[in-house]
Amino acid sequence: MTDNTNINKINSYENTRRKEEMKHQVITFVLMIAFTLIAFLVVAAELSRTFVIPFILLLAVVQVGFQFYYFMHMKDKGHEIISSLIFGGIWIAAVTVLTFTTIIWW
Amino acid sequence: MSLASTQKKSFGAVLWDYLTTVDHKKLGNMYIVAGAFFFILGGIEALVIRIQLMKPENDFISAGLYNEMITMHGTTMIFFAAMPILLGLMNAIMPLQIGARDVAFPFLNSLGFWLFLFGGIMLNLSWFLGGAPDAGWTAYTPLSTQSPGHGVDFYVMGLQLSGAGTLIGGINFLVTIVTMRGPGMTYMRMPLFTWTTFIASILILFAFPALTVGLFLLMFDRMFGSAFFDVALGGNSIIWQHLFWIFGHPEVYILILPAFGIFSEIFPVFSKKRLFGYSSMVFATFMIAFLGFMVWAHHMLTVGLGPVANSIFAVATMAIAVPTGIKIFNWLATMWGGSIRINSAMLWSLAFIPSFTIGGMTGVMLATATADYQYHDTYFVIGHFHYVIVGGTLFGILAGLHYWWPKLFGKVLHEGMGKIAFWIFFIGFHLTFFVQHFLGLMGMPRRYWVFLENQGLDTGNLVSTIGAFLMTIGTIIFIINIVYTSIKGEKASADPWGTGRTLEWAVSSPPPEYNFKKLPLVRGLDAYWIEKMDGNDKMTPAEPLVDIHMPNGSILPVTMTIGFFIASFGFIYQVDNKSWLALVFIGFAIALGSMLIRSLKDDHGYHIHKEDLEREAD
Amino acid sequence: MSQDHSLNLKNSHEDPAKATMEGKNKFLGLWFFLGGETVLFASFFATYLSLRESTAGGPTSQELFGLELVFIMTVLLLTSSLTSVYAIYHMKNNNFKKMQLWFGITALLGIAFLACEIYEFAHYIIEYEFTFRSSAFGSAFYTLVGFHGGHVVFGLSWLISLMVRNAKRGLSLYNAPKYNTFAIYWHFIDVVWVFIFTVVYLMGMVS
Amino acid sequence: MSRWMGKLKVFVLLSFAALVLSACGKENLTALDPKGYGAQDAMNIMVLSIIVMVSVFIIVMLIYTIVLIRFRQKKGQEDYIPKQVEGNHTLEIVWTAIPILLVLVLAVPTVISVFDLADTTEASSSVNVEVTGNQYWWHFNYEGEEIQTSQDLYIPVNQKVYLDIQSSDVIHSFWVPTISGKIDANPENVNTMFIEAYEEGVYWGKCAELCGPSHSLMDFKVVVVSQEEFDAWVEDMKNVDAEEVPQDAVAQEGKELFEANNCMACHAIGSSPVATGPNLTNYANRTSIAGILEPSKENMVEWLMDPESIKPGNKMTGNYPSLSEDEASSIAEYLMQLDHSETTPDSAGN
Ligand code: HEA
Ligand code: HEA
Ligand SMILES: [Cu+2]
């Protein structure tokens, strides 16, 4: 029996932790929608190109960070190998995109 | 699936067993056998090339056929011979080395194998269906988009299939190494072959998607009229070159790193000394992999990317000499002070050091961009990469085969024949490829169907051809050795070399299907050696004898693959007649149907019971 | 290795998706796969970026794209990401019914997204005669966005077959990892979309 | 032991044999005897890198040989267990640092010369030639001069000549080993590089990027002449009269056949920009027929009768009515009389 109460305790602790986490995720979501909105508004406002493009790219990167770290839990424990591999992929992705946007057009 | 099925099984049963197996050791052997088959095909193609180039203006084969030969030789050797044999060794050995009972995804493992095999069959069917691809293994656009007939289509679909298989294999190995390491097997206690498997798998994971995309674009351009490489519609043919080499350069390290791993196993065992600088070896492997992704444009130095790009890529390329050098010197230091025994496995490994060093050094010479304007697309490059690929990867494969043969097939290869085969092959190898460096500098570009008379290229080419024949003889002796051994060879003990250091030598040869009756407790690097030094003849078990959970065999990987195989034909031939699209639908129906069955039908595997295990002899 | 797959979830405080070796393997395997997918999509993006001005006289991105539809699509997909988070939340609380419900909503949102995309493509083809074969830009556009769409289709089929298959069985340590891997995959699709709407649509409209 | 010595001997012999071979590469084809700016630059780097490589190789082989001589298991040592050495930091640092230094030694001159060779700032004050690679021949258009030629590129000695290189179909690569390294001819962009020859002569050029069945037959020549001869050649070529009446009746008949068979649709004589096929101006002075055959009438006839057997996959095959031997011979006669310039490949020979 003692076993069970223990688990129950843990469970209730876990439950509150999960609720807490869920709250974070809803906030994340609201932020993402807000970011999206800002990005669209900036483009709709037809501001100068040199400002808009880096700005919306930055918003995208932050949004993706939210996705990875909150929705996909990359911030949690047990994700060390995963995040090093994902960052590996991102690094190669970045190098690829960089070359294609620079040296493919002479 | 029963244990100890000593009674003879019917042919049908054996075949069914191989079609449905998910056992990593069987799959490993199947990879090796299929890879060897493709190696012989690629080798025969190489011979045809060398015969054609035996004398100036030879007309042994036609120009078109020559281009098909080189394309098929390169593609077959890289994708269907060297890589599968390495994957086979990884499959068979790596789980044993980390003390695992299987890989993480036995089902996917089998799927990966079948995709590779059918990809290879697909590619080679092109010989019989109107002509093989003829745009080089690099399939540069727009030559490849304009190539008439279906040859290049077979190249695209064949590589797409096998590429998917390889990707699956890579992910499987990664997960296996992360989660399935046995008790006590920390990362820094993993044998080097496991490490190189791990890192080569990372390379596979990140390199193959670029090829996948490139092949898709090529497929769309050739089969569905898109305009990626069609200059008239704004396309750009350089995109293909980038995508191909973003894949292609890491690919050459996918070929060499596992071979490095094999040598790192063999040198310690036959020097009776632990690997010198273990952690720097791991680090160097990571460095090679990391840098390997940032140098691909060294294949494109003459494309006209501009001096900035050329300089960056040239210098980055040269940097790879540093970690590779660390490895070479660590191997030498491993042997220094050791007690070296030379047998066939060791001969191949020893021959690797000078051969690969030459190849690596010509690689660094190629990286000096200014000089590469001369070397590029000449026989100098052919010389370079055969030195690293044959002298590195192929020597590694042969060393690994001799070394692990007893573990894979239960018998030790014949030493005498092994040595004769080695010497003939080794001499032939240097004869063939050493002169090619000079041929290149004397003005012989690669992919030349004929070279003209009176250009001073005759002697060199003849020498090269003679060497190729010596390599053939060497290979044939090796094959005879295999046949002889499997008939006459003696059964091998668990540790036939006597100085085995890693876990695979702690289980019988060949190992039982569950690998370890009780998972062993690993107490350090070279786990088995440690036990031996402590006077134990066995590993200490980490668990009591319990039921062993085993995955079920399945025919679905084969049916899935056949589905994709059929669909590929549909894609290829719908260009001629839209009704071939039916095959696409049929093929996908079969493949998706198999997937559906797989996901709907629960597969919990089965257990080998404790009682049965107890009855088994050790 | 796990011995019993019908293990009662109630007594476990571990994440049911990662409680078994199979579960852990699936989880890692999918993540690693996503690492590869990153490079896959990067290659498509890179190709698109180098060809986006190669319109060969055909319609340009400024002429084609509109903000409204893309915004709707973005909200649909983002929301579906959130609903799948809810579903996983309920999975961890071992509430199968609610989990199925939220996944159901996720699927509906996904289908709505797909419908918008099909409408969009049809619109370009019919109104502008802008196809896959019009120009290198056309090829690159449809390929990049289409591959993302293909991922959505695949994800939906996966989800629906999971939901149907397990509708009567409830949650177990055997199927929890499957739902969990699906959810991660689904988020990744959203990640890709964030870049698509930024790089393709928004950047395509900035002149 | 003896086996290893044997191996070494074979190896030394082989390298020696190869070195002897290398000395006798064909003049004006080999990259080992550079006579131009780019080739010389490349040669300098090659020599430097060979020095580095040979020293590294000697060190590796030295350790290797010592290891194999000293540390073989001797009889009675079967049970001997050597000391299990983990590693040695000093050693590891040494063999990391030295290669880094060596790489730097190579990298610096490489980068310098890469930028030097890419420098095209002087292009406007020099000879500029538009080079087009075609399956399987090369076209040259002297910018600003209204001169079009094919297959033989005339340039003045000791002067940088700027080439704007492009392809009309698949990728080719322009390579004249003795004068300079190669650069690709891409279909979608122009690559610019310069060549400068230090000696007069006729140099072999090769296509270095697989471009189809006759890739190996896509040879061309660079004819390097003195500045005066080059100027004379330019003058001659600017004043070509395509209507010029041939000297004898056979050639006259050849000319008529040439026109009747619509050869002009692809081949121009004079500075007309038609470039579906090689420009035939000054044909009599060509160094070769179709880039590979000796320039003789028999070969010309053979080519005209069946180009496919000489250059598989070429674009001429099947694009004109088949010719009888007599007809081909007349056309050959006509073409072999197209002697528009005093400056010939022989001028480069002196
Ligand atoms: C197993 C395969 C393999 C391996 C391991 C390598 C290794 C290397 N390769 Fe190679 N390469 C190929 C396979 C391989 N290559 C293939 C197949 C092609 C042609 C593809 C095609 O076009 O069809 C090619 C082409 C190729 C090119 C393009 C040539 C051209 O087309 O113009 C270049 C250019 O830089 C290059 C460079 C290198 C370098 C620098 C290394 C380095 O990794 C080598 C490092 C090793 C050493 C240097 C030796 C040991 C080091 C020491 C002893 C330390 C001290 C040394 C120094 C300081 C120099 N390779
Ligand atoms: C793993 C890779 C690999 C391997 C192992 C080899 C092995 C060999 N290669 Fe190859 N090669 C490539 C990869 C490889 N090659 C690539 C990528 C290209 C570039 C292609 C391109 O340009 O697109 C190339 C190109 C290439 C060329 C240049 C062609 C050209 O540019 O025109 C040449 C020429 O000599 C050549 C020769 C050889 C030879 C003689 C061998 C030998 O080592 C082979 C030895 C093996 C055998 C000889 C087999 C023995 C046969 C039997 C035992 C069967 C006996 C039975 C019967 C006869 C029935 N190869
Ligand atoms: Cu490379």
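The structure displayed is predicted, hence computed values, not measured ones. Note: hydrogens, waters and symmetry copies are ignored here, and every other heavy atom, side chains too, is used.
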Would you call [X] and [Y] a side-chain contact if the rule is heavy atoms closer than 4.5 Å?
X	Y	result
D:S216	B:Y66	no
B:T357	D:F57	yes
B:L143	D:I171	no
B:F438	D:T30	no
D:I81	B:M533	yes
D:W175	B:D377	no
D:I50	B:M365	yes
D:K83	B:K273	no

Residue [X] versus chain D: region with a heavy atom under 4.5 Å:
X	result
B:F329	both
B:A135	backbone
B:L275	backbone
B:Y375	both
B:L452	side chain
B:D134	backbone
B:W331	neither
B:T378	side chain
B:D526	neither
B:T141	backbone
B:Q241	side chain
B:A369	both

Taking B:T302's backbone N and O only, do any of them form a donor-acceptor pair with D:K182's side chain (distance below 3.5 Å, no angle check)? no
Check for a donor-acceptor pair, side chain of D:N191 on one end and backbone N or O of B:V303 on the other, with a separation under 3.5 Å. yes
Identify the heavy atoms of [X] and [Y] that sit nearest to each other, and give their distance.
X	Y	result
B:Y448	D:C207	OH-O, 2.8 Å
B:V315	D:A107	CG2-CB, 4.0 Å
D:K26	B:Q455	CB-O, 3.5 Å
B:Q374	D:P177	NE2-O, 2.9 Å
B:S339	D:P82	N-CG, 3.8 Å
D:F71	B:M335	CB-O, 3.9 Å

Which one of [options] has the most heavy-atom pairs closer than 4.5 Å to chain D?
options	value
B:M444, B:R274, B:M318	B:R274
B:R446, B:M361, B:H376	B:M361
B:Y278, B:F270, B:F451, B:Y140	B:Y140
B:L439, B:L441, B:V308	B:L441
B:I340, B:N67, B:V231	B:I340
B:G337, B:P445, B:A371, B:A321	B:G337

Set of side chain to side chain contact (heavy atoms under 4.5 Å, CB included) partners for D:I66, sequence neighbours left out: B:W336, D:R70
Counting heavy-atom pairs under 4.5 Å to chain B, which of [options] comes out on top?
options	answer
D:S113, D:P109, D:S173	D:S113
D:V52, D:V85, D:V111, D:N44	D:V85
D:I292, D:D169, D:I59, D:V170	D:V170
D:H89, D:M53, D:E27, D:E78	D:M53

Atom [atom1] of [X] and atom [atom2] of [Y]: how far apart are they, to the nearest 0.5 Å?
X	Y	atom1	atom2	answer
B:Q146	D:C211	CD	SG	11.0 Å
D:L210	B:W137	CG	CH2	14.0 Å
B:N454	D:L29	CG	CG	11.5 Å
B:Y373	D:L117	OH	CG	6.5 Å
D:Q77	B:K272	CD	NZ	7.5 Å
D:M46	B:T368	CE	OG1	8.0 Å

Around atom NZ of D:K74, are there more than 12 heavy atoms of other residues, nucleotides or ligands at under 6.0 Å? yes
Answer yes or no: are there more than 12 heavy-atom neighbours, outside D:E86 itself, under 6.0 Å from its atom CD? no
Please tabulate, one pair per line, all N/O donor-acceptor pairs under 3.5 Å involving side-chain atoms of residues 91-104 of chain D, not counting sequence neighbours.
{"from": "D:E92", "atom 1": "OE1", "to": "B:S280", "atom 2": "OG", "distance (Å)": "3.1"}
{"from": "D:E92", "atom 1": "OE2", "to": "D:N88", "atom 2": "N", "distance (Å)": "3.3"}
{"from": "D:T96", "atom 1": "OG1", "to": "D:E92", "atom 2": "O", "distance (Å)": "2.6"}

For [X], which atoms come within 4.5 Å of any heavy atom of chain B: side chain, backbone, both, or neither?
X	value
D:Q135	side chain
D:S180	backbone
D:A185	neither
D:P187	both
D:I45	side chain
D:A118	side chain

